[in-house]
Amino acid sequence: MFNIKKQIRKLYSSAIFGQISLSGAWVAILAARGFSLAQIGFAETVFHIVSIMFEIPSGVLADVFGRKKTLIISCIMRILGDLVMIVSNNFTLVCLSIAFHALNYNFASGSGDALAYDSLKSVGQEEKFERYASNQVVIYRVCEGLSTLTAGFALVLGYKIAYSTGVLSSVIQLFILAGLVEIRLEAPERDFHIWKEISDCFKKSFLFLKEARRAMLLMFTNSLIGAMDILLLFFLQAKLPMAGIPKWALGLALLSTQAGGIIGAKLILGAKHVRYRVIFVFSTLTILTGIALEHTGLYIVMTFGGFIASMADDALQIRTNAILQEMFPSEQRATLISIESFTFSCIMIVLSPLAGVFFAWW
């Protein structure tokens, strides 16, 4: 008999080992190796280009061939990326490593949530997905916080050892993923043709979005608000030292912003009966307040702005995600989640340079 608790525990464990390593502060690692800021910026561009190219196709492959298989492919991409970085002796190999890590992100982005929701739905427990999403946010924030705190440690050990920890954790993750149960609420047709299935998945997904305008609006607005928070936190890393924060306090300040996300992820679970519009307006105003506080020049106030913005963003993200999962057809679930990630990437590409000018000017 299918054990839903065991399935969810394995998805949690996979998320932990899929994110934890000493190479999280990859920008600092590349800078310590002597690469220029221009090169590091180009490497970030490579990540986004590859991500945009493969985000939606990876979701389609997950829906057609199975979410468990694409999670395993994601893990293999991370291993390849870490191994290439370990042996890299030039910038070309660094970019190749970044591309593999982008594919790691692509193949994992929609598959895990889709498998979790359909697993819960198969046993009539889909109402528990919001709690699952909340716990996944906590795992992400904790791992990000640990990466922030261990950034200096990674520089001391060197990039080869730092990326070796990623290989080790990915190997453990592979064994965990192998124990997952593939769930299909819609049985595939006996007369299975690969390209026909892929084409049908694309068509049905975009047809759904054409008809379900509310889903499209939710995806766009949630991505826009999330991008505002991400950019706030990104520039906070540069502006806190400019505001005079002591070096020893920088890591703690950035860690507190991650704690804000954890609190938001838990608070939203107690607001099940609050209307979505209320949560959306409150979250948007809170993030805008955080942006305003970031420009006070007072590092304690600026840190508090990052804290409340993370709290609001993660609360909104979890509630939006739960609503969208209820709306998405099971057979296109991973594809539609990938389309949301694609929307976020497009918004980030547009907003990033504008935000850079805005934050530098104000």
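By convention here, the first residue in the shown sequence is residue 1.
Looking at T320, its side chain never comes within 3.5 Å of a backbone N or O of Q317 through a donor-acceptor pair. The backbone N or O of L93 sits nowhere less than 3.5 Å from a side-chain atom of S97 that would complete a donor-acceptor pair. In this structure a side-chain-to-backbone donor-acceptor pair under 3.5 Å is present from S134 to A265. The closest donor-acceptor contact from the side chain of T296 to the backbone of L293 lies under 3.5 Å. Of the possible donor and acceptor atoms, none in the side chain of E294 sits under 3.5 Å from a partner among the backbone N and O of G305. The backbone N or O of R67 lies less than 3.5 Å from a partner atom in the side chain of E182, making a donor-acceptor pair.
You'll find the side chain of Y105 stays beyond 4.5 Å of the side chain of M77, heavy atoms only. Here the side chains of N106 and L103 are in contact, with some heavy-atom distance below 4.5 Å. Here the side chains of F100 and L96 are in contact, with some heavy-atom distance below 4.5 Å. Using a 4.5 Å heavy-atom threshold, the side chains of D229 and S310 count as touching. Within the 4.5 Å cutoff, the side chain of I76 has no heavy atoms near those of the F107 side chain. Considering only heavy atoms from C-beta on, T284 comes within 4.5 Å of F280 through its side chain. The side-chain heavy atoms of I79 and L174, taken from C-beta on, include a pair separated by under 4.5 Å. P246 places a side-chain heavy atom less than 4.5 Å from the side chain of Y299.
From N321, atom CG reaches atom CG of N222 across 8.0 Å, with rounding to the nearest 0.5 Å. Considering CD1 of I230 and CD1 of I225, their distance stands at 12.5 Å, rounded to 0.5 Å. Q7 contributes atom CD, which lies 9.0 Å from atom CG of L120 (distance to the nearest 0.5 angstrom). With rounding to the nearest 0.5 angstrom, the CD1 atom of I308 is 12.5 Å from the CG atom of D313. The distance from the CD1 atom of I49 to the CD1 atom of I98 is 12.5 Å, given to the nearest 0.5 Å. Atom-to-atom distance recorded for I86:CD1 and S164:OG is 3.5 Å, nearest 0.5 angstrom.
No more than 12 heavy atoms of other residues, nucleotides or ligands sit less than 6.0 Å from atom OH of Y140. Surrounding NZ of K272 are more than 12 heavy atoms belonging to other residues, nucleotides or ligands, all under 6.0 Å away. Counting non-hydrogen atoms of other residues, nucleotides and ligands closer than 6.0 Å to CZ of F175 gives a total of 12 or fewer. Counting non-hydrogen atoms of other residues, nucleotides and ligands closer than 6.0 Å to CZ of F47 gives a total above 12. Residue-environment remark: NZ (K128) stays at or below the threshold of 12 foreign heavy atoms within 6.0 Å. Within 6.0 Å of CZ in F17 there are 12 or fewer heavy atoms belonging to other residues, nucleotides or ligands. The environment of I300 atom CD1 is sparse: at most 12 non-hydrogen atoms of other residues, nucleotides or ligands sit within 6.0 angstrom. Dense packing is recorded around OH of Y12, with more than 12 heavy atoms of other residues, nucleotides or ligands lying under 6.0 Å away.
For the residue pair S88/R33, the side-chain donor-acceptor check at 3.5 Å is satisfied. For the residue pair T70 / S111, a side-chain donor-acceptor distance below 3.5 Å is found, with atom types taken as modelled. A donor and an acceptor atom, one from each side chain of Q136 and Y132, are located under 3.5 Å apart.
No single ILVMFWY cluster, assembled from side-chain heavy atoms under 4.5 Å apart, contains both L83 and L168. In the hydrophobic clustering of ILVMFWY residues, with side-chain heavy atoms under 4.5 Å counting as a link, I318 and F307 come out apart. No continuous path of ILVMFWY side-chain contacts below 4.5 Å connects F282 to I287, so the two sit in separate hydrophobic clusters. Taking hydrophobic clusters as Ile, Leu, Val, Met, Phe, Trp and Tyr residues chained together by side-chain heavy-atom distances below 4.5 Å, V84 shares a cluster with V94. L255 and M311 are assigned to two separate hydrophobic clusters, defined by single-linkage of ILVMFWY side chains at heavy-atom distances under 4.5 Å.
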inquiry  = Between S23 and H101, is the side-chain contact (heavy atoms from CB on, under 4.5 Å) condition met? List the steps.
reply    = CA-CA 12 Å; S23 59; H101 281 102; 5.9 Å; no
### Chi angles and distances behind the side-chain contact (heavy atoms from CB on, under 4.5 Å) call for K68, V181
CA-CA 7 Å; K68 175 181 174 179; V181 178; over 6 Å; no
- How far apart are the C-alpha atoms of R214 and I323, what are their side-chain angles, what is the distance that settles it, and do they pass the side-chain contact (heavy atoms from CB on, under 4.5 Å) test? CA-CA 11 Å; R214 181 169 179 252; I323 293 174; 4.1 Å; yes
Q: Dump the intermediate steps for side-chain contact (heavy atoms from CB on, under 4.5 Å) on I72 and Q173, then the final yes or no.
A: CA-CA 9 Å; I72 290 175; Q173 184 190 16; over 6 Å; no
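When every heavy atom of L232 is checked against every heavy atom of G306, the shortest pair comes out as CD2-CA, 3.8 Å. Closest approach of I279 and L316 over heavy atoms only: CG2-CD1, 4.3 Å. Between S14 and L177, the shortest heavy-atom contact is OG-CD2, 3.2 Å. Minimum heavy-atom separation, L224 to I347: N-CD1, 3.8 Å. Shortest non-hydrogen contact noted between I245 and A253 is CD1-CB, 3.7 Å. The two atoms that bring A315 and I268 nearest to each other are O-CG1, 3.5 Å, heavy atoms only.
The residue from Q325, E326, E126 that alone fulfils the side-chain contact (heavy atoms from CB on, under 4.5 Å) condition with K121 is E126.
Residues R319 and E130 are paired through a salt bridge, judged by an N-O separation under 4.0 Å between the basic side chain and the carboxylate.
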